[in-house]
Amino acid sequence: MLETNVRVRFAPSPTGGLHLGGVRTVLYNYLFAKKHGGKFIVRIEDTDQTRFVEGAEQYIFDCLKWCGMEPDESPLHEGMYGPYRQSERKASYRNYAEQLIENGFAYYAFDTPEELEQMRNTLKTEENPSPQYDGNVRMNMKNSLSLPADEVTRLLKENTRHVIRIKMPANETISFTDMIHGEVSFESSLVDDKVLLKADGMPTYHLAVVVDDYLMKITHAFRGEEWLSSAPVHILLWKYLFGLDQMPQWAHLPLILGPSGKLSKRDGAKYGFPVFAMNWTDGKTNELTEGFKEKGFLPEAFINLLAVLGWNDGSEQELFSMDELIEKFSIERVHKGGAKFDFEKAKWYNQEWIKKLPATVYKSRVKEIFEAKDLFINDDAHFTKVLDLVKDRCTLLPDFYDQASYFFKAPSQWDTDAVKPKWNESKTDFFNEFCSQLEKIESWKLENIEISFKELAAEKNIKPGELQLPMRIMLVGGKFGPAVFEIAAMIGKTETIQRIKKALSIFNA
RNA sequence: GCCGCGUUGGUCAAGGGGUUAAGACGCCUCCCUUUCACGGAGGAAUCACGGGUUCGAAUCCCGUACGUGGUACCA
């Protein structure tokens with residue numbers, strides 16, 4: 001393998017949100033490039049103006065940035081092989097298409113959309129619901145193969161709308177070696193004469209990938225498995241245009257599936273999990289599709305869970321940082337079969353990464369969540385301490401609000417059902433006296449509070465355990481959170497006493 | 001319909017002729033903790049089916065079923 005000049009590319013069309021499968025395709029490209037000291041290129045495939053969506057390109061770059069996968073070359077950082085948007089390379093494609101015609105590998109086709117539809121309708125049968133424009137029908141259509149030469153010249157001269165189609169050979173077995181699937185082969189007679197250049201002069205994907213991969217010196221082409229069926233067209237184009245020896249090595253990545261079949265935006269709404277990397281709002285319908293970021297995922301976790309959805313290094317390791325992935329990734333170990341996305345497991349990865357990373361890494365994001373709920377933080381160091389204290393209990397970033405807001409704000413509701421059944425006067429008495437004891441503590445530390453609490457409990461002959469739960473409810477409002485004395489130590493003397501007194505009045509009301 | 005690709009517990013998966021068929025998520029039980037988690041110890045649950053080949057098949061071959069992608073002047 002040529003390690004020195006590996007060049008891979010991610011080639012999205014700017015038509016909407018970036019979903020799981022897309023991010024994983026980027027990731028595998030990125031990992032492969034970094035592992036081999038190569039370049040990771042992003043090329044925007046915007047050859048279909050009808051599907052162009054405002055803002056979609058910027059959105060893609062935002063997602064890549066959030067994930068920590070910055071391209072070496074892209075429309076934003078042009079390298080030596082620009083431009084990096086296919087719409088801006090329009091001029092270069094036609095020559096290649098015409099070169100194919102000259103060599104007998106392609107032809108002009110003048111059929112109108114209506115004529116194409118008519119052909120499909122008349123040829124359609126139950127056994128063949130979607131007839132192709134292929135070797136069987138092309139001589140009955142309007143193209144430079146079926147029409148007399150002078151007629152073709154005339155049509156061309158009159159600027160008749162036309163496309164250029166590849167002429168699939170009659171009986172040829174087209175095969176290639178996929179880095180994941182191994183040897184894959186197709187019969188040329190079963191593949192249709194795909195359009196290469198559209199009537200508006202734009203190339204289709206088929207022509208554009210081949211030409212651009214060549215021009216951009218792409219060495220390895222990784223893409224979703226949905227492309228496997230059209231691979232024979234690409235192989236042929238490489239053979240006709242640049243030579244098979246120049247062709248990149250292909251890898252067709254397995255699909256990521258949803259709970260019931262293929263993963264769709266709908267699944268997200270239906271099962272309550274994100275499918276896009278980041279929030280995406282459809283410009284036309286104004287419909288918002290939630291992203292992993294906004295759901296409260298850490299990019300480290302998102303990358304990790306995507307990496308192992310269809311790949312593993314053969315060991316028992318489950319948690320990988322980006323650097324470890326770069327070190328250990330190998331395209332050959334990518335699975336052949338599609339994998340069903342499991343949100344429960346995805347959450348587990350996030351929880352693991354929250355535990356693993358120091359709170360300083362994600363503190364600003366948690367702070368934003370707090371602020372969105374009108375809880376403002378002024379002491380950052382203290383905030384970090386609190387987050388580190390409660391992070392074992394959080395799976396998604398918004399969980400921090402439930403797990404930590406009471407450190408900054410006294411509870412306004414109390415789980416009285418948890419205390420009332422066993423509440424009595426002697427306990428009221430205890431807590432009243434405990435408050436006076438607390439007043440006397442000079443060094444407000446966890447141990448001192450706990451000692452004071454236990455000594456008083458012994459004196460009053462009450463089991464400390466029976467008092468801890470009420471105390472917890474007093475301080476946090478519910479049955480959750482870290483050790484009570486830890487909480488008391490954290491919120492301070494005055495606040496602790498205030499909360500106990502307030503709760504006492506509620507419990508005894 | 002045709003073509004391509006796939007198929008190890010519910011999910012992600014290791015293993016690729018001889019294994020008690022790893023591990024993880026989820027689920028259940030117990031321990032820790034008089035909160036909730038974390039952590040720890042256990043448990044239930046699997047080689048899609050049918051034929052071959054072989055002393056021996058989850059592993060190799062062939063069928064079938066199922067899933068998935070393509071079958072556009074979309075990518």
Side-chain angles (χ1 to χ4, degrees), chain A residues 11-15 45-48 50-51 86 109 111-113 116-117 120 124-134 161-165 178 180-181 184-187 189-192 194-206 208-209 223-232 252 254-255 257 259-262 305 308-319 335-349 351-352 355 390-395 399 402-403 415 418 463-469 471-473 476 478-484 487:
Chain A
S13 346
T15 53
E45 310 231 330
D46 54 350
T47 54
D48 185 359
T50 64
R51 296 212 305 161
Q86 288 183 331
D111 318 271
T112 64
L116 287 175
E117 204 190 320
R120 290 190 180 114
K124 187 158 71 179
T125 61
E126 217 153 277
E127 277 82 60
N128 184 11
S130 39
Q132 306 190 115
Y133 197 123
D134 59 14
R161 277 181 79 81
H162 65 272
V163 301
I164 294 178
R165 286 179 182 271
D178 185 281
I180 294 169
H181 296 278
V184 180
S185 65
F186 302 84
E187 284 310 312
S189 58
L190 269 6
V191 181
D192 62 333
K194 289 254 181 292
V195 171
L196 265 21
L197 199 77
K198 304 187 244 185
D200 64 2
M202 279 288 194
T204 58
Y205 172 84
H206 309 295
V209 243
R223 62 199 337 182
E225 207 183 73
E226 69 269 26
W227 291 110
L228 194 50
S229 306
S230 41
H252 290 87
L255 271 2
L257 310 171
S260 53
K262 68 170 177 180
L305 72 93
V308 298
L309 199 58
W311 172 86
N312 70 81
D313 73 341
S315 77
E316 285 184 11
Q317 186 171 351
E318 305 246 25
L319 261 26
H335 267 237
K336 289 181 207 259
K340 219 170 256 183
F341 173 70
D342 179 13
F343 191 49
E344 290 307 317
K345 185 121 189 197
K347 285 194 289 193
W348 177 78
Y349 278 105
Q351 184 179 25
E352 290 298 314
K355 281 192 299 192
V390 303
K391 66 182 187 178
D392 281 0
R393 285 151 236 268
C394 301
T395 52
D399 296 342
D402 296 330
Q403 293 297 333
D415 184 356
K463 280 189 207 145
E466 279 190 37
L467 295 162
Q468 275 193 34
L469 186 67
M471 169 116 168
R472 166 177 303 282
I473 309 287
V476 316
K479 292 200 282 183
F480 53 90
V484 249
I487 297 168

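In what follows, chains are A, B, ... by sequence order, proteins preceding strands, each numbered from 1. Bear in mind that the values here come from a model prediction, so they are computed numbers and not experimental data.
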| Is there a Watson-Crick or G-U wobble partner for A45(B) with both distances under 3.5 Å, and if so, which one is it? |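 Across all strands, not a single nucleotide pairs with A45(B).
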
| task | Both distances under 3.5 Å, Watson-Crick or G-U wobble: report the partner of U7(B), or none. | result |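 When the pairing criteria are applied, A65(B) turns out to be the nucleotide that pairs with U7(B).
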
Compare the minimum distances between each of [options] and the side chain of [X], then state the nucleotide with the smallest one.
X	options	value
Glu225(A)	G4(B), C74(B), U11(B)	G4(B)
Leu190(A)	C3(B), G1(B), C38(B)	C3(B)
Asp192(A)	U35(B), C12(B), A72(B)	A72(B)
Pro129(A)	G1(B), A22(B), C38(B)	G1(B)
Ser130(A)	U71(B), C36(B), C73(B)	U71(B)
Phe480(A)	A22(B), C5(B), C36(B)	C36(B)
Glu344(A)	C5(B), C25(B), U68(B)	C25(B)
Asp342(A)	U11(B), C73(B), A75(B)	U11(B)
Thr204(A)	C74(B), U35(B), U11(B)	C74(B)
Lys345(A)	C3(B), C73(B), C25(B)	C25(B)

Touch check for [X], heavy atoms < 4.0 angstrom, all strands: base, sugar-phosphate only, or nothing?
X	result
Val184(A)	sugar-phosphate
Lys463(A)	base
Ala199(A)	base
Pro254(A)	nothing
Glu466(A)	base
Asp402(A)	nothing
Asn128(A)	base

Could you state the atom-to-atom distance from [atom1] of [X] to [atom2] of [N] in whole Å?
X	N	atom1	atom2	answer
Glu226(A)	C3(B)	CD	C1'	17 Å
Arg51(A)	C73(B)	CZ	C1'	13 Å
Leu309(A)	A24(B)	CG	P	18 Å
Trp348(A)	C25(B)	CH2	C1'	7 Å

Look at the side-chain N and O atoms of [X] and state whether any lies under 4.0 Å from the OP1 or OP2 oxygen of [N].
X	N	value
Lys340(A)	A13(B)	no
Thr47(A)	C74(B)	no
Lys391(A)	C36(B)	no
Arg165(A)	C73(B)	yes
His335(A)	A14(B)	yes
Asn312(A)	A14(B)	yes
Arg120(A)	A72(B)	yes

| field | C66(B) to C31(B) separation - P atoms, rounded to the nearest Å | value |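 Going atom to atom, P in each nucleotide, I get 49 Å.
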
| With nearest nucleotides of RNA chain B determined for Asp200(A) and His181(A) from heavy-atom distances, which residue corresponds to the more 5′ nucleotide? |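 Checking each residue's closest nucleotide, the 5'-ward one belongs to His181(A).
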
| said: On RNA chain B, does the nearest nucleotide to Glu352(A) precede the nearest nucleotide to Gln132(A) from the 5' side, or the other way round? Give the residue. | reply: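 By nearest-heavy-atom nucleotide position, the 5'-most residue is Glu352(A).
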
| Looking only at N and O atoms, is any donor in the side chain of Lys194(A) or the base of A72(B) less than 3.5 Å from an acceptor on the other one? |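 Under the 3.5 Å cut-off, the side chain and the base do not form any donor-acceptor pair.
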
| task | Indicate, yes or no, whether a donor-acceptor pair under 3.5 Å links the base of G70(B) to the side chain of Ser230(A). | result |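 Result: no qualifying N/O pair found.
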
| field | Donor-acceptor contact present, side-chain Ser13(A) to main-chain Thr15(A), <3.5 Å | value |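 Between the backbone of Thr15(A) and the side chain of Ser13(A) there is no qualifying donor-acceptor contact (under 3.5 Å).
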
| Cation-pi check, Arg165(A) onto Tyr133(A) ring (under 6.0 Å, within 45° of axis) |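 Judged by the rule (NZ or CZ under 6.0 Å from the ring centre, within 45° of its axis), Arg165(A) counts as positioned above Tyr133(A).
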
| Aromatic rings His206(A) and Trp227(A): how do their planes relate, parallel, tilted or perpendicular, breaks at 30° and 60°? |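 Correct class here is perpendicular.
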
